[in-house]
**Q** 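After the C-alpha cells below, expect a handful of questions from me.
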Amino acid sequence: MHRIVFVLAACPTWRLQTASSTEPCAAPDRTRWKSSFGHQMQPDWTWSSPAVCREVLYVVELQRYSRDQGSSVYFPQAVLNGDDLYDATLTDGHCRLRVTLDPGLNPLVERYVLRSGSTLCGAAFAPAMTAQLPACPTAPADGDSYKLLSAEVSDGAPGEDGGLRSFNVDSLSWFGSSGSAGALVPLRANRSVFLPLWNNVDYSGEAWREAPPAEEEEEEEEEEDRVQRHAVTVSELRDSFLIGRRGVARGVVHHQLIVRIINKSHLMYYGRRDLNCECPYKAVLEVCDRTGSVCVVLWNSVCLGWYRRLKPGDILNLRRYRVKGRFQAQLDDIEISVNSRNPAALISVLPESSPFPQHIPPAAFYRFCNSKELLDRPHGVVCDVIGLLTFSGRPERIRNDGRGAELLEYHWLRLEDGSSNQPIMVKLFSTSQPDAHHKLHPRMRHHSEMSYRKLRPVRQFLQWLRSQDDQEVLRRALIGGFFIYPSPPVSLELYMKDRRGVPGFLRGAELQRELERLRYRERQTFCIQAAVTMVMYSRRGEEKHCLCWTDRASSLCSSPCFRNSSPFPSSTPVTTRSARSPPSSSSPSLSPTSLGSTSTPADPRSGRKSRKRRFTETLPRKRRPFVTLQSEQNKSVILFEASMEFLESPNADEDKEEDEDGDTSSFLTGPLPLEQSDITLETLPLRYDHAHKEEQAVAIAMGGALTGRFDSVLDEYYTLRLRALSDGVLVDALFLPLSCSSPPPLLPYANTWTSILCHGAFCPHTPPPSPADLIGMATQLANQRLVCVLEACHLGGATTEIVLSRAFPLNH
C-alpha cells in the first residue's frame with residue numbers, strides 16, 4: 001500500500017506549511033487577552049510577518065464551503081486550484097478561535113491528515129478580512145479575523161479526540177467576543193451554510209430544520225378555508241402553459257395545488273466560484289394528483305426550511321409558485337418552481353383526513369421485485385426491493401463521471417429475500433435520507449408503519465422473514481471491510497472485452513502519482529503489467545511470524561518500492577502496503593540487530609542430508625518478523641550475507657557443498673530483519689455486533705476509527721510484491737483469497753497460483769491449500785508476466801489500501 005510524505009502519529013509530527021519560515025513574534029502582553037491567542041494576536045497590532053502561537057492548540061471542528069467571486073481577495077498570494085475553502089475552530093482550553101485554512105493546506109484535510117481532534121504546535125497566523133458584514137451575528141466583534149498559514153500536527157489514530165476530551169468545548173467563550181457568536185457561517189465567502197466534509201449532496205448543520213417555519217404555519221391556518229375555492233390540477237397547469245396562452249399558469253400562480261409526494265431527490269448543490277448565491281441548493285420532488293404527475297423544484301433557502309420536513313407520501317398544498325418549462329426534458333413538459341422570493345412561496349402539509357376528499361391524491365404506487373425476478377429485468381428498469389440486510393459495506397467515494405472533481409459517496413448493501421439463492425446487491429449512493437444511512441444494520445424490521453406492508457410481495461417476504469433464525473442471521477451478518485462487486489472477469493480475454501479493448505495500463509511511476517492524488521476513502525481501479533518477486537503469508541496479530549518466498553533473480557534489481565507504512569517524503573521511493581519488504585542487495589537494513597540464537601530446522605525437502613541449519617529466533621521487542629520457506633533457487637548471496645552474523649554452522653564448507661548439490665526447489669527457514677506493520681482494520685470485514693451496532697456503524701463511517709474490540713472474519717492474508725515491467729517500480733499489494741466478497745464460481749478449478757490469481761480466491765469446491773503449501777508452490781510465479789488489476793482506496797493520513805483483485809498471465 002502507498003505511503004505519502006507525512007509521518008506516523010506516534011512521536012513525529014506532520015508539518016503543515018504554506019508560508020515562508022516564521023519566527024515567534026513577541027507581541028505585547030495585555031491582561032485583556034487571557035488566552036494564548038491573545039498573547040500573539042493583538043487587535044491593534046500591525047503584523048509585518050505571521051505570528052506564531054507558542055501554545056498547543058486543538059482542532060475542534062473543520063467546516064467546508066465553496067468559494068465565490070470574492071474569495072480570491074482574501075488569499076492574494078495563494079494559488080486557488082479547487083473550489084473549496086475550510087474554516088477551523090481551534091482552542092487552547094481557555095477560549096475558541098475561528099480561522100480559515102490557507103488553501104495550500106486543503107490537501108491535508110482532503111486526505112484526512114488534518115482533522116477534528118488534531119493537535120497543533122507552532123501554529124502561524126496572519127490577519128485577514130472577513131466576507132461577513134459587521135451586522136452579521138457571527139462576525140468578529142472587533143473586526144479581527146485570521147487565517148492559518150502553517151502548523152505542526154501530531155495526533156493519534158483517526159477518530160480520536162486527543163486532548164479535546166479534557167475540555168468542555170461548548171462552554172468556552174469565543175476569542176475577541178464577549179457574547180455568543182450565534183450560528184456559524186463561512187468566513188471567506190458569502191454563503192449561509194456549510195457543505196459536508198465528504199460530499200455535496202447531504203445537509204450539514206443546524207440551519208437545516210426538521211420543523212416548518214413558524215410564520216408560514218400561521219399563514220396556512222388563515223388561508224385554509226380558501227383551498228376548496230381556488231384549487232387547480234396538474235393537467236390544467238400543464239395544458240395552460242404548453243398551449244401558449246399561459247392563462248392560469250402565467251406569472252405567479254396563487255391557485256392552490258394539492259399533490260402527493262411520490263419521490264424526493266437528494267440535495268443538489270450548484271454553488272460555483274463565479275456565482276454569488278448564499279444558499280445554492282435545489283431539490284426535486286416528484287408529485288402527483290388525480291390528473292397527472294409533475295416535478296416541483298425547491299430552490300435556495302426553501303430547501304433549508306422544508307427539505308428535511310418533507311417525505312414521500314406527504315400531501316402538499318402549494319401557493320405562490322411559478323410554472324416553467326422542464327429543464328433538460330426530452331419532451332415538452334413543465335415544472336413547478338418554489339422559491340423564497342419573487343414571490344415567497346407558501347407550503348403546507350395536509351393531513352390524510354382532509355375535509356376535501358376530492359382533492360386527496362392517490363396513494364404512492366410501488367413496483368416490488370424479488371431477487372428471482374430481478375434476474376430477468378432489463379438494465380435500467382426502476383423497481384422497489386425489500387430484503388433482509390446481511391452486509392453493510394464501508395463508505396467509499398468515486399469520481400463523478402470517472403475523472404470529475406466531485407466525489408460521490410456510496411456503500412454496498414447485500415439483501416436476502418428467500419426467493420432465490422442470489423442476493424440483491426445495492427450500491428447505495430447519497431439519498432434524501434442521509435440520517436437513515438447510519439441506521440442501516442442487519443436484522444432491520446421497521447416496516448410496520450409503511451403503506452406497502454399489505455402488498456403481496458411484501459407479505460411473502462415477511463412470511464419468509466419470520467421463518468429465519470435470528471442467531472443464524474447474526475452469524476453470517478457482516479459490516480465494513482474491503483468489498484468488490486460485481487466480480488471482475490476470470491480471464492484476460494473477458495477482462496479486455498469488459499474494458500472494450502483498452503486496459504489502460506499504467507507505468508509504475510504513473511501508478512505512484514495516481515495513488516498520491518487519491519483523497520480520503522476515494523476508490524479507484526488501476527492496471528499494470530508486472531511480475532511477482534515476493535509472496536508473503538501473514539496472520540493478523542502475528543505479523544512477526546510469516547511465510548515468505550522471494551524470486552532472487554528479480555530481487556537483485558534495485559528499484560523504487562512504495563508501501564503503506566513508509567515514513568519517507570514523497571520524493572523518496574516508498575512502498576504501498578503495511579508490510580515492509582524483505583531486504584534486497586541494495587537495502588541498508590540487511591545487518592541484523594539484537595538477535596539471540598536458537599535452532600530452527602530446515603525444510604525436510606532440502607535433499608540428501610538431514611543436517612539442520614541454525615538460525616536465531618529472538619527478535620527485537622517491538623517487531624520480530626520471522627521469515628520461513630525461503631527459496632534457495634539461484635543460490636543468491638543475499639540471504640547468506642545478511643545472515644552471517646547469526647548463522648551457526650560448525651561445518652561451513654560442508655554446508656556450502658550441500659547447497660551446491662541440493663535440490664533447487666528446497667526452502668530454508670530463517671529470520672530476516674524486515675520491518676512489517678499490521679494489516680489495516682478497515683480492510684477486514686467485521687462480524688456484526690448487534691449489542692454495539694451504533695458504535696460499530698460510527699466506527700466504519702466516514703471519519704470513523706476502528707479499534708480491535710470488534711471481531712473480524714478474516715485473519716489470514718497474503719502480500720504480493722509486484723515489479724512493474726515498464727520501469728521496475730515495486731508495489732506491495734494485499735491478496736485476499738479467503739475473502740467472501742465475490743460470489744462462488746459455478747465450475748471448479750485447480751488451486752494453482754495461476755487459477756487462484758485469475759479468480760481472486762481459492763476454489764470453494766475443494767479444500768484450500770495450506771499456507772505452507774501455497775508458499776511452496778510460489779515458484780510457479782517465477783518469470784511470469786502478469787496483467788494485474790489493483791483496487792486502491794485511501795484510508796486517511798498515510799494509509800492507502802491496495803488489493804490485488806485479479807492477475808492474468810500474459811501468454812505468448
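Numbers here simply count residues along the sequence, with the first being 1.
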**Q** Report the distance from atom CD1 of I398 to atom CD of E406, rounding to the nearest 0.5 Å.
**A**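 Taking CD1 in I398 and CD in E406, the distance rounds to 10.5 Å.
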
**Q** Has the side chain of R64 got a donor or acceptor atom that lies under 3.5 Å from a matching backbone atom of N199?
**A**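 Flag set: sc R64 to bb N199 pair under 3.5 Å.
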
**Q** State whether the side chain of R111 and the backbone N or O of L108 hold a donor-acceptor pair below 3.5 Å, judged by distance alone.
**A**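 Not confirmed, R111 side chain does not pair with L108 backbone.
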
**Q** In sequence, state the C-alpha distance, the side-chain angles, and the governing distance for V59 and L114, and then conclude on side-chain contact (heavy atoms from CB on, under 4.5 Å).
**A** CA-CA 8 Å; V59 180; L114 181 62; 4.1 Å; yes

**Q** Using ring centroids (six-membered ring only for Trp), state whether F391 and F483 fall under 6.0 Å.
**A**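 Under 6.0 Å, so yes.
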
**Q** Which of these, H794, E522, E516, sits in a side chain to side chain donor-acceptor pair (under 3.5 Å) with T800?
**A**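 Only match with T800 under side chain to side chain donor-acceptor pair (under 3.5 Å): H794.
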
**Q** Given side-chain contact (heavy atoms from CB on, under 4.5 Å), test L734 with L804 step by step and report yes or no.
**A** CA-CA 6 Å; L734 287 171; L804 178 66; over 6 Å; no

**Q** Any side-chain donor paired with an acceptor under 3.5 Å for E543 and S538?
**A**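 Distance-only check fails for E543 and S538.
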
**Q** Checking E510 now: which residues fulfil side-chain contact (heavy atoms from CB on, under 4.5 Å) with it, not counting sequence neighbours?
**A**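 With sequence neighbours excluded, E510 shows a side-chain contact (heavy atoms from CB on, under 4.5 Å) to L506, R507, R513, given in chain and number order.
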
**Q** Looking at V787, is its backbone amide N or carbonyl O close enough to the side chain of Y495 to form a donor-acceptor pair, meaning the two atoms are under 3.5 Å apart?
**A**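 Checking the backbone N and O of V787 against the side chain of Y495, no donor-acceptor pair under 3.5 Å is found.
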
**Q** Determine whether a donor-acceptor pair (N or O, by modelled atom type, separation under 3.5 Å) exists between the side chain of R397 and the backbone of R521.
**A**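 It does not hold such a pair.
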
**Q** Decide if the gap between the ring center of Y718 and the ring center of W549 is smaller than 6.0 angstrom.
**A**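 Aromatic pair excluded; centres sit 6.0 Å or further apart.
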
**Q** Once you round to the nearest 0.5 Å, how far does CZ of F505 lie from CZ of R499?
**A**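 Taking CZ in F505 and CZ in R499, the distance rounds to 9.0 Å.
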
**Q** Could you tell me which non-hydrogen atom of P488 sits nearest to which non-hydrogen atom of S805, and how far apart they are?
**A**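 Closest pair (atom of P488, atom of S805, distance): CG-OG, 4.3 Å.
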
**Q** Check for a donor-acceptor pair, side chain of S118 on one end and backbone N or O of R115 on the other, with a separation under 3.5 Å.
**A**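 Yes, the answer is positive, given that a donor and an acceptor are paired below the 3.5 Å cut-off.
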
**Q** In Å and rounded to the nearest 0.5 Å, what is the CD to CG distance from E110 to L518?
**A**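 Here the interatomic distance stands at 12.0 Å.
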
**Q** Show your working on side-chain contact (heavy atoms from CB on, under 4.5 Å) between V426 and W412 and close with a plain yes or no.
**A** CA-CA 6 Å; V426 178; W412 282 101; 5.8 Å; no

**Q** Of all heavy-atom pairs between T431 and D202, which one has the smallest distance, and what is that distance?
**A**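 T431 and D202 have their closest heavy atoms at O-OD1, 4.2 Å.
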
**Q** Classify the angle between the aromatic ring planes of H437 and H411 as parallel (below 30°), tilted (30 to 60°) or perpendicular (above 60°).
**A**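 Correct class here is perpendicular.
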
**Q** What's the shortest heavy-atom distance between A778 and V535, and which atoms?
**A**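 Nearest heavy atoms, A778 then V535: CB-CG2, 4.2 Å.
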
**Q** Taking the six-membered ring for Trp, is the centroid-to-centroid distance between Y717 and F735 below 6.0 Å?
**A**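 No: the rings miss the under 6.0 Å criterion.
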
**Q** Which heavy atom in L774 sits nearest to a heavy atom in P769, and how many Å separate them?
**A**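 Nearest pair, atom of L774 first, then P769: CD1-CG, 4.0 Å.
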
**Q** Under a 3.5 Å distance rule, please check whether R540 uses its side chain to pair with a backbone N or O of S712 as donor and acceptor.
**A**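 No, R540 side chain to S712 backbone: no donor-acceptor pair under 3.5 Å.
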
**Q** Quick one: closest heavy-atom pair of N751 and P768, and the distance?
**A**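 In this case the closest contact between N751 and P768 is ND2-CA, 4.1 Å.
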
**Q** Do V109 and L105 come within less than 4.5 Å of each other through their side chains, counting heavy atoms only?
**A**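 No - every pair of side-chain heavy atoms lies 4.5 Å or more apart.
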
**Q** Closer than 3.5 angstrom, by distance alone: can the side chain of Q524 be matched with the main-chain N or O of A792 as a donor-acceptor pair?
**A**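 Side chain of Q524 to backbone of A792, a donor-acceptor pair under 3.5 Å: no, none is there.
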
**Q** Do you know which of L148, L85, L149 makes side-chain contact (heavy atoms from CB on, under 4.5 Å) with D102?
**A**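 With D102 as partner, side-chain contact (heavy atoms from CB on, under 4.5 Å) holds for just one option, L149.
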
**Q** Ignoring hydrogens and angles, state whether a donor on the side chain of Q63 or Y86 is under 3.5 Å from an acceptor on the partner side chain.
**A**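 Not at all, the side chains of Q63 and Y86 share no donor-acceptor pair under 3.5 Å.
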
**Q** Do I528 and L790 come within less than 4.5 Å of each other through their side chains, counting heavy atoms only?
**A**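 Yes - at least one pair of side-chain heavy atoms lies under 4.5 Å apart.
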
**Q** At what distance, to the nearest 0.5 angstrom, does CG of L736 lie from CD of E716?
**A**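 Those atoms lie 11.5 Å apart.
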
**Q** Quick one: does V729's side chain get under 4.5 Å of L511's, heavy atoms only?
**A**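 The answer is no, as the side chains (C-beta and beyond) never meet within the 4.5 Å cut-off.
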
**Q** Could you give me the CA-CA distance, side-chain angles and deciding distance for R687 and D711, then say whether salt bridge (Lys or Arg N to Asp or Glu O under 4.0 Å) is met?
**A** CA-CA 6 Å; R687 298 190 188 278; D711 295 332; 5.6 Å; no

**Q** Please answer whether the main-chain N or O of A531 pairs with a side-chain N or O of R785 as donor and acceptor at a distance below 3.5 Å.
**A**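 A pair under 3.5 Å: no.
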
**Q** With side-chain contact (heavy atoms from CB on, under 4.5 Å) as the criterion, how do W753 and V532 come out once you've worked through the C-alpha distance, each side chain's angles and the decisive distance to 0.1 Å?
**A** CA-CA 11 Å; W753 268 109; V532 177; over 6 Å; no

**Q** Do Q529 and C788 make a side-chain contact, defined as non-hydrogen atoms from C-beta onward lying under 4.5 Å apart?
**A**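 Of all side-chain heavy-atom pairs linking C788 with Q529, none is under 4.5 Å.
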
**Q** Is there a donor-acceptor contact under 3.5 Å linking the side chains of E409 and S430?
**A**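 No, S430 and E409 have no side-chain donor paired with an acceptor closer than 3.5 Å.
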
**Q** Donor-acceptor pair, distance only, cut-off 3.5 Å: does the side chain of R394 make one with the backbone of A701?
**A**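 Checking the backbone N and O of A701 against the side chain of R394, no donor-acceptor pair under 3.5 Å is found.
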
**Q** Look at the rings of Y749 and H759 and say which category their plane angle falls in: under 30° parallel, 30 to 60° tilted, over 60° perpendicular.
**A**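 The rings of Y749 and H759 lie parallel, inter-plane angle below 30°.
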
**Q** Looking only at heavy atoms, what is the nearest atom pair of D727 and A509, with distance?
**A**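 Nearest heavy atoms, D727 then A509: OD2-N, 3.0 Å.
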
**Q** List the steps and the verdict of side-chain hydrogen bond (donor to acceptor under 3.5 Å, both in side chains) for Y410 and E396.
**A** CA-CA 6 Å; Y410 72 94; E396 296 176 343; 2.8 Å; yes

**Q** Go through E791 and R523 one step at a time and tell me if the salt bridge (Lys or Arg N to Asp or Glu O under 4.0 Å) criterion holds.
**A** CA-CA 7 Å; E791 299 291 331; R523 174 84 171 262; 3.1 Å; yes

**Q** So does K497 have more than 12 non-hydrogen atoms from other groups sitting under 6.0 Å from NZ?
**A**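 Not more than 12 within 6.0 Å, no.
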
**Q** Distance from L722 atom CG to L786 atom CG, nearest 0.5 Å?
**A**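 Answer for the CG-CG pair, L722 versus L786, is 8.0 Å.
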
**Q** Between CG of N106 and CG of D84, what distance do you get to the nearest 0.5 Å?
**A**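 N106 CG to D84 CG: 7.0 Å, rounded to 0.5 Å.
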
**Q** With a 4.5 Å limit on heavy-atom distance, are the side chains of Q696 and L686 in contact?
**A**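 Yes; the side chains approach each other to less than 4.5 Å.
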
